There are 2 protein chains.
Amino acid sequence: MGRTTLDTAALAHELRLAVMRFSRRLRNQRVDTSVTLTHLAALSTLKQHGPMSPGELAGHERVQPPSMTRVVVALETAGLVTRTPHPTDGRQVVIELTPAAEEMLTAEAQAREAWLAGRLHELTVEERAVLREAAEIMGKLAGG
Amino acid sequence: MGRTTLDTAALAHELRLAVMRFSRRLRNQRVDTSVTLTHLAALSTLKQHGPMSPGELAGHERVQPPSMTRVVVALETAGLVTRTPHPTDGRQVVIELTPAAEEMLTAEAQAREAWLAGRLHELTVEERAVLREAAEIMGKLAGG
DNA sequence: TATTGTTATACTCTATAACTATA
DNA sequence: TATAGTTATAGAGTATAACAATA
């Protein structure tokens, strides 16, 4: 086992611990309890990629379809997404953001991430640059 | 709102999404289902900082004391930690790793993080360096 | 009275398995 | 048969509130 392998194992260890604590911290910082972070993540994906099926959404969020079904039901109940039949494939449905959701995402963007943004603001420019790159790399790791 | 503030808000958004997906992915990659990642995190903290009370452990892990109680009970049942009375303060108990836990942590260190280490190995040296720095920064953000 | 830890209870998030409807 | 989605069920992880023991 070479030096790179040792380094990688150590990094895996540290990164796992840091990400777990950080994600817990993030999850507990929600202020608007009416919309959870999981719901927000789904809404953000719809905002970013446009209308899609529950299956596609589950793929994007890296959860199983039944998990996404529950999220979509909750969002529909809250009036934040609509479920309409797919135009050509009767098995599929299309999930789309409502104007209310668009408005909410826009209006509360800053407020929702206030804690994290505040903490990030305390960092140096260099540290933020590191996190910006790291976010991209983690996205790649999670997505592949 | 200046440019830095805008950048920070955008970074908060991207970082939150990336960390959530990444942590989900990590949580689902456990192979040895007998010990969950949450339990492992607690064991790693004990390994790193030595014996401590449930309250201290909860503080380290950034969870509430009742949550840690459940983790400790599970770990004690599994024979991975011991709960002994504090020598001078009768209210407190001291949580300590058993030899079995030490052995497990050492022996399975690589195997447990196999997925992540494998993925990290595919990255460039520069990307790993970014994640190494990011882990430290996220630890700081989670801990403060 | 204040602190430490536990118990009781409930909610969120996620999974797997089984089912329905459509292709 | 295969695919998309949902329902049923279960389990992990966490929280708040209430309680017991000790300082």
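All values reported here derive from a predicted model rather than from experimental measurement. Chain identifiers are assigned alphabetically (A, B, ...) following the order of the sequence lines, protein sequences preceding nucleic acid strands; residue numbering begins at 1 within each chain.
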Pick the closest DNA chain C nucleotide for Thr88(A) and for Thr38(A) by heavy atoms, then say which residue is nearer the 5' end.
Thr38(A)
Between Val63(A) and Val94(B), which has a closest nucleotide on DNA chain C that is more 5'?
Val94(B)
Rounded to the nearest Å, what distance is computed from the [atom1] atom of residue [X] to the [atom2] atom of nucleotide [N]?
X        : N       : atom1 : atom2 : answer
Leu40(B) : dA12(D) : CG    : C1'   : 14 Å
Gln64(A) : dA8(D)  : CD    : P     : 19 Å
His86(A) : dG5(D)  : NE2   : C1'   : 13 Å
Arg24(A) : dT12(C) : CZ    : P     : 19 Å
Leu37(A) : dG13(D) : CG    : P     : 19 Å
Arg25(A) : dA15(D) : CZ    : P     : 11 Å
Leu57(B) : dT14(D) : CG    : P     : 12 Å

Not counting sequence neighbours, list each pair that qualifies as a ring pair (Phe, Tyr, Trp, His ring centres under 6.0 Å) and has a residue in residues 81-103 of chain A.
none
What residue pairs, at least two apart or across chains, pass ring pair (Phe, Tyr, Trp, His ring centres under 6.0 Å) with a residue in residues 40-74 of chain B?
His49(B)-His60(B)
Could you check which of dA8(C), dT6(D), dC13(C) has an atom nearest any side-chain atom of Pro66(A)?
dT6(D)
Side chain to side chain donor-acceptor pair (under 3.5 Å) involving His39(A) - partner list, sequence neighbours excluded
none
Check whether any side-chain N or O of Thr36(B) sits under 4.0 Å from OP1 or OP2 of dA12(D), and answer yes or no.
no
For Pro51(A), all residues meeting side-chain contact (heavy atoms from CB on, under 4.5 Å), sequence neighbours excluded:
Val94(A), Glu96(A)
With Glu56(A), which residues qualify under side-chain contact (heavy atoms from CB on, under 4.5 Å), at least two apart?
Met52(A), Ser53(A)
Show every salt bridge (Lys or Arg N to Asp or Glu O under 4.0 Å) that has at least one partner inside residues 124-136 of chain B, sequence neighbours left out.
Lys140(A)-Glu127(B)
With the criterion being N/O to N/O and under 3.5 Å, what pairs connect the protein with nucleotides 1-4 of chain D, and how long is each?
residue : atom : partner  : partner atom : Å
dT3(D)  : O4'  : Arg91(A) : NH1          : 3.2
dT3(D)  : O2   : Arg91(A) : NH1          : 3.2

Tell me which donor-acceptor pairs under 3.5 Å the side chains of residues 63-81 of chain B have, and how far apart each pair is, sequence neighbours excluded?
residue  : atom : partner  : partner atom : Å
Thr69(B) : OG1  : Pro65(B) : O            : 3.2
Thr77(B) : OG1  : Val73(B) : O            : 2.8

Nearest non-hydrogen partners of Leu116(A) and Ala12(B), listed with the distance:
CD2-O, 3.4 Å
Would you name the heavy atoms of Ala18(B) and Met138(A) that are closest together and state the gap between them?
CB-CB, 4.5 Å
What residues 67-81 of chain B contributes to the DNA chain D interface at heavy-atom separation below 4.0 Å is Ser67(B), Arg70(B)
